[in-house]
Engineer: 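A single structure is presented below for examination.
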Amino acid sequence: MDKILIRGGKSLNGTIPISGAKNAVLPILAATLLTDHKVHLGNIPHLRDVTTMMELLGQHGATLTVNERLGVEVDCSSVNNTLAPYNLVRTMRASVLVMGPLVARHGQAQISLPGGCAIGSRPINLHLRGLEAMGAEIDLSGGYVSAKASRLKGANIVFDLVTVTGTENLMMAATLAEGRTILENCACEPEVTDLANCLISLGAKIQGAGTSTILIDGVEALHGGSHNILPDRIETGTFMVAAAMTGGDLTMTGTDPRMLDAATQKLRQAGAIVEEGADWVRVIGPEHLRAVDIKTLPHPGFPTDLQAQYLAMNCVAHGAAMVTETIFENRFMHVSELQRLGADITVNGNTAMVRGMGTLRGAPVMATDLRASACLVLAGLAAEGETEINRVYHIDRGYERIEEKLKAVGANIQRIHG
Ligand code: EPZ
């Protein structure tokens, strides 16, 4: 298994290009199952999860043509298999996103239940309940969930809690249902809006994406089209924290700072300077960071996918702060690894009290999930001495060429192929 070695203590300076958003390209790739016509997608990030989703579409019978300019053409006209197998689903929970499109377009889907993951049990009951409300017959057996419907019917659905992929799955299913679907208590993440914009470009009739109520009027069929994936706000936020933690000066380009208002506000409270342009954001780290309280919430609240990164920032700040995780039940796996670097953190349920130490000391650590591994990279960049991060396959799921992007702005970082 690969590992990443970092010799920390250097301030990072320069420009980092941002890739397409993982959490937008995954539902949008699944959405191509809704049409028999070709869909051209641009700004595709080169990530393990994207490769996995493309493999899954190929398994269904789709034809994918990847070009060298981060583009892919997807042709689902020959899809003939509605099974999403365990060996793929267990490596990527987002595989569940093919369920809505398959039932809507092909009348059935057999999806391996994703099972839990490091950050929580992450059930899909709300996805299934919504499809049932639209007339699907749901059956669970042998670790698989099967959904069948000759044609889905529009329904009024109120989500018990805000779910990003639940909103996306049912929005996709509703595009081909008979009649109107009203989804309430929806996720408002920018990736939901990007998916809706792509679906609309294929002929779907959707109103209200990005708000908590989405109206979808089903159509008989979708046509082809093209769409560029929006920039990755979590990658952007991760590098913004890298500038703050190393006292550096980084400009992230090809992004949209308006997606990160909550995260930006917290960086400013911590003492960093944040300058914003139409498609770039610049962060200048202060001499000394102030610890800041964080509470994760659905968008536009503070994103749970940046919680680990800001907790790491608090470890090298001055003062004490509380970090509260309200979205997932077990998203503090990074804490014990940060403690190996000398961090002073006390976890009590879904809150972590961090007493900033001003600095950390490098040591070998273990990545446990995608965003925890990003947090350990940030901690290694700020720590004195050498940090060795093991199991970096986690990080490759969601960050494109992270060590190359960081090396280009002055980080002493290298990947050891194992
Ligand atoms: C999406 O996961 C993202 N993944 C996650 O990003 C992100 O952390 C999460 O949304 C929250 O923003 C993708 O978009 C591919 P949820 P998702 O359904 O949709 C509970 C990353 O690091 N829930 O919004 O799976 C669930 O257990 C990943 O890029 C149910 O109880 O998350 C959780 O506690 C990690 N029943 C809460 O809702 C359901 O049917 C929010 O989960 C669905 C969800």
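Both counts, for ligands and for their atoms, begin at 1 and track the order of listing. Note that the numbering runs from 1 along the sequence shown for the chain.
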Engineer: Between P298, G301, P123, A308, flag the one that comes closest to atom 31 (O) of ligand 1 by a heavy atom.
Structural biologist: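 Result: the heavy atom closest to atom 31 (O) of ligand 1 is in P123.
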Engineer: Just need the protein heavy atom nearest to atom 23 (N) of ligand 1, so name the residue and atom and give the distance.
Structural biologist: L161 CD1, 3.8 Å
Engineer: Do me a favour and list the nearest non-hydrogen protein atom to atom 18 (O) of ligand 1 with residue, atom name and distance?
Structural biologist: T163 OG1, 2.7 Å
Engineer: Who gets closest to atom 37 (C) of ligand 1 by heavy atom: N330, I327, N23, T165?
Structural biologist: I327
Engineer: Quick check: are there more than 12 heavy atoms from other residues, nucleotides or ligands sitting under 6.0 Å from NE2 of H223?
Structural biologist: yes
Engineer: Of all the non-hydrogen atoms in the protein, which one sits nearest to atom 1 (C) of ligand 1, and at what distance?
Structural biologist: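 Heavy-atom neighbour on the protein nearest atom 1 (C) of ligand 1: V164 CB, 3.9 Å.
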Engineer: Would you mind running through ligand 1 and noting each atom that sits below 4.0 Å from a heavy atom of V162?
Structural biologist: 24 (O), 41 (C)
Engineer: Could you tell me if S212 and E184 have a donor-acceptor pair between their side chains, going purely by distance under 3.5 Å?
Structural biologist: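 Result is no, nothing qualifies.
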Engineer: How close do P85 and Q59 get, heavy atom to heavy atom, and via which atoms?
Structural biologist: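 Residues P85 and Q59, closest heavy atoms: CG-NE2, 3.4 Å.
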Engineer: Near F328 CZ, under 6.0 Å, is it more than 12 heavy atoms from other residues, nucleotides or ligands?
Structural biologist: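 Count over threshold, so yes.
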Engineer: For atom 36 (N) of ligand 1, what's the nearest protein heavy-atom neighbour? Residue, atom name and distance, please.
Structural biologist: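 For this ligand atom, the closest protein heavy atom is N125 OD1, 2.7 Å.
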Engineer: Is any NZ, NE, NH1 or NH2 atom of the basic residue among D2 and R415 found under 4.0 Å from an Asp or Glu carboxylate oxygen of the other?
Structural biologist: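 Yes, D2 and R415 are salt-bridged.
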Engineer: When you look for heavy atoms under 4.0 Å from ligand 1, do you find them on the side chain of R129, its backbone, both, or neither?
Structural biologist: neither
Engineer: For the pair D369 and R397, find out whether any cationic side-chain nitrogen is under 4.0 Å from an anionic carboxylate oxygen.
Structural biologist: no
Engineer: Between R233 and E191, is the closest basic N to carboxylate O distance under 4.0 Å?
Structural biologist: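 Yes, charged N to carboxylate O under 4.0 Å.
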Engineer: Look at atom 11 (C) of ligand 1 and say which protein heavy atom is nearest, naming residue and atom and giving the distance to 0.1 Å.
Structural biologist: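 Going by distance alone, atom 11 (C) of ligand 1 is nearest to T304 CG2, 3.8 Å.
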Engineer: Is the number of heavy atoms from other residues, nucleotides or ligands under 6.0 Å of N125 CG greater than 12?
Structural biologist: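 Count over threshold, so yes.
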Engineer: Kindly identify the option in M92, R331, R122 whose heavy atom sits closest to atom 2 (O) of ligand 1.
Structural biologist: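 The residue whose heavy atom sits nearest atom 2 (O) of ligand 1 is R122.
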Engineer: What protein heavy atom sits nearest atom 22 (O) of ligand 1, and how far away is it?
Structural biologist: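 Nearest protein contact, heavy atoms only, for atom 22 (O) of ligand 1 is R371 NE, 2.9 Å.
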Engineer: Heavy-atom contacts under 4.0 Å between L370 and ligand 1: side chain, backbone, both, or neither?
Structural biologist: side chain
Engineer: Restricting to non-hydrogen atoms, name the atom on M259 and the atom on P190 that form the minimum distance, rounded to 0.1 Å.
Structural biologist: SD-CB, 3.8 Å
Engineer: Answer yes when D305 and R331 have at least one side-chain N-carboxylate O distance shorter than 4.0 Å, and no when they do not.
Structural biologist: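 A salt bridge is present here (some side-chain N lies under 4.0 Å from a carboxylate O).
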Engineer: Give the atoms of ligand 1, by number and element, whose distance to some non-hydrogen atom of I124 is under 4.0 Å.
Structural biologist: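 Under 4.0 Å from I124, ligand 1 has these atoms: 39 (C), 40 (O).
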Engineer: Between T304 and E325, do the side chains contain a donor N or O and an acceptor N or O under 3.5 Å apart?
Structural biologist: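 Yes, T304 and E325 have a side-chain donor paired with an acceptor closer than 3.5 Å.
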Engineer: Please check whether F328 reaches ligand 1 - meaning an N/O of the residue sits under 3.5 Å from an N/O of the ligand, judged on distance alone.
Structural biologist: no
Engineer: Measure the distance from atom 40 (O) of ligand 1 to every protein heavy atom, then report the residue, atom name and distance (to 0.1 Å) of the closest one.
Structural biologist: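 So the nearest neighbour among protein heavy atoms is L126 N, 2.8 Å.
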Engineer: Can you name the atoms of ligand 1, numbered from 1 with element, that are less than 4.0 Å from a heavy atom of H127?
Structural biologist: 40 (O)
Engineer: For K22, counting its heavy atoms only, list the atoms of ligand 1 lying under 4.0 Å from any of them.
Structural biologist: 21 (C), 29 (O)
Engineer: Which ligand 1 atoms, with their elements, are less than 4.0 angstrom from a heavy-atom of D305?
Structural biologist: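 Result: 5 (C), 6 (O), 7 (C), 8 (O), 21 (C), 22 (O), 28 (C), 29 (O), 35 (C).
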